[in-house]
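All heavy atoms count here, side chains included; hydrogens, waters and symmetry mates do not. Chain A is the first sequence line, chain B the second, and so forth, proteins listed ahead of strands; every chain is numbered from 1.
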Amino acid sequence: MPQSAPHRRLFIVVGVIIVVLLTTHATGTLNPIERILLKGISSIGSMSVSWISGAHTRSAPSQRVAELEQRVAELMAENVKLRGDINALNQSADQQHFINDQKITGIQARIFARSADPTSSYVVINKGSAQGIRAGEPVIIGSGICIGKIISVTDDTARVLLTIDNRSSIASVSASDPVAQGVVTGVQGLSLTMQLIPQSQTLTVHDTIITSGIESSIPRGLIVGDIERVDHQQGELFQSAVLHTPYVASNLDVVTVLSSTTP
Amino acid sequence: MSQRLITIPILVIALLLSLFLLPLLQSPILGFNILTITLMLVMLFGDTKLALIGGVVGGFLMDLVSALPFGTFMISFTISLAITRQINQSWVTNRSLTAYTSLTVIGIVLFHVCLYGYGFAGALFDVTAISPQLGRTAIVSGLADVARGCIIALMVYAMVRITGYSYATLTRHEF
């Protein structure tokens with residue numbers, strides 16, 4: 001095979017490059033380059049999220065708007081971007097009101113990337129330890145809807161594990177019956193389930209489930225979901241409930257990280 | 001050279017889609033691993049070097065924003081490309097539709113094995129990262145990717161046959 005030798009060399013060179021990248025990443029030597037690349041990804045990601053978010057708000061436009069959009073393509077692009085920004089501002093305002101009402105501190109951030117591997121459900125935000133974000137802190141949208149927790153932080157970015165991820169678990173309680181406690185976990189990146197609820201507790205459909213506050217960095221009262229179905233099996237120690245997810249992961253744009261320090 | 005003028009933009013588009021657009025489809029069924037499929041097809045159509053460079057660059061960028069251990073994507077792309085190329089050289093005797101589709105599927109399966117093998121190995125150091133449901137999700141998404149890979153391989157093969165994109169000029173040893 002006369003062509004094999006150069007390709008073997010090529011694979012060896014690529015292998016060496018990977019080892020160098022892994023080593024420099026582990027030692028932190030690669031940090032400045034990674035930071036620059038992440039900033040680039042952050043800019044492109046924010047633009048695409050903004051565009052998609054704008055596209056969502058454009059659903060069911062009037063006939064006249066549709067005609068105008070067709071006639072003025074450049075204006076449509078600008079319109080979509082502006083709508084995305086307005087949407088982001090509205091979300092931002094909701095979150096700010098909640099933070100002010102609750103007298104807690106929060107750091108607003110924008111999502112610029114999402115999990116590329118289908119087994120995980122997380123997003124990457126454009127604020128990190130430099131802005132005071134720490135691992136374990138809850139992330140909310142709107143009026144206190146908990147979407148996940150910070151799992152890792154770099155200087156300028158942080159990864160948020162969404163509540164729908166299999167690895168996510170949040171100590172929760174029913175808003176109407178504070179004794180009915182359990183743990184809310186994600187199911188296949190698609191929905192939520194509340195487990196470890198004692199059989200003696202009565203849960204009803206449409207009950208709102210909130211964070212219980214027993215986790216040190218997560219305050220009580222953040223909305224996790226509402227009950228869609230209760231699975232009550234005879235002979236089992238615990239019952240479980242399927243929850244309705246109060247957010248659409250693909251629509252997330254602006255989020256607020258709740259800081260564990262109170263003002 | 002003219003091939004690369006077409007292939008490089010395709011790889012860049014596949015990378016951008018994989019990084020920004022397709023992850024928005026938050027579902028093991030819909031989540032689309034287009035970069036793996038593109039890399040496999042680029043390699044099978046004769047440009048191993050470009051496929052490898054695309055794998056390392058794309059894998060590096062995906063590793064930067066991934067929650068899996070750093071290097072998972074880079075290593076998975078490289079290993080799956082290397083093994084698929086070896087299988088192609090050693091066992092595949094023709095350039096039939098079956099051969100291309102089988103190799104694309106083998107490549108995708110290898111990528112998933114590497115991805116989750118490495119991911120699980122990394123997760124062993126962090127007990128909270130392991131979930132009983134994770135394995136099931138991995139299998140579901142792996143099977144979905146294989147199915148999508150088959151469809152795309154068939155579509156690309158059909159396009160190649162129609163356009164005649166360098167297909168007839170390559171010999172088996174050029175792979």
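- Distance NE2/A:His25 to CZ/B:Phe60: 8.5 Å, rounded to 0.5 Å.
- How far CG of B:Leu64 is from CG of A:Leu38: 5.0 Å, rounded to the nearest 0.5 Å.
- Of the atoms belonging to B:Val56, it is side-chain heavy atoms, and not backbone ones, that fall under 4.5 Å from chain A.
- Atoms CG and CG, from B:Leu61 and A:Leu37 in turn, are 6.0 Å apart once rounded to the nearest 0.5 Å.
- Heavy-atom pairs under 4.5 Å with chain A were tallied for B:Leu81, B:Leu52, B:Ile53; the largest tally goes to B:Leu52.
- With a threshold of 4.5 angstrom between heavy atoms, A:Ile151 approaches chain B through side-chain atoms but not through N, CA, C or O.
- A:Ile33 does not touch chain B: none of its heavy atoms, backbone or side chain, sits under 4.5 Å away.
- Note: B:Lys49 NZ to A:Phe11 CZ = 13.0 Å, rounded to the nearest 0.5 Å.
- For B:Ile79, no part lies under 4.5 angstrom from a heavy atom of chain A.
- From B:Ile75, atom CD1 reaches atom CG of A:Leu22 across 5.0 Å, with rounding to the nearest 0.5 Å.
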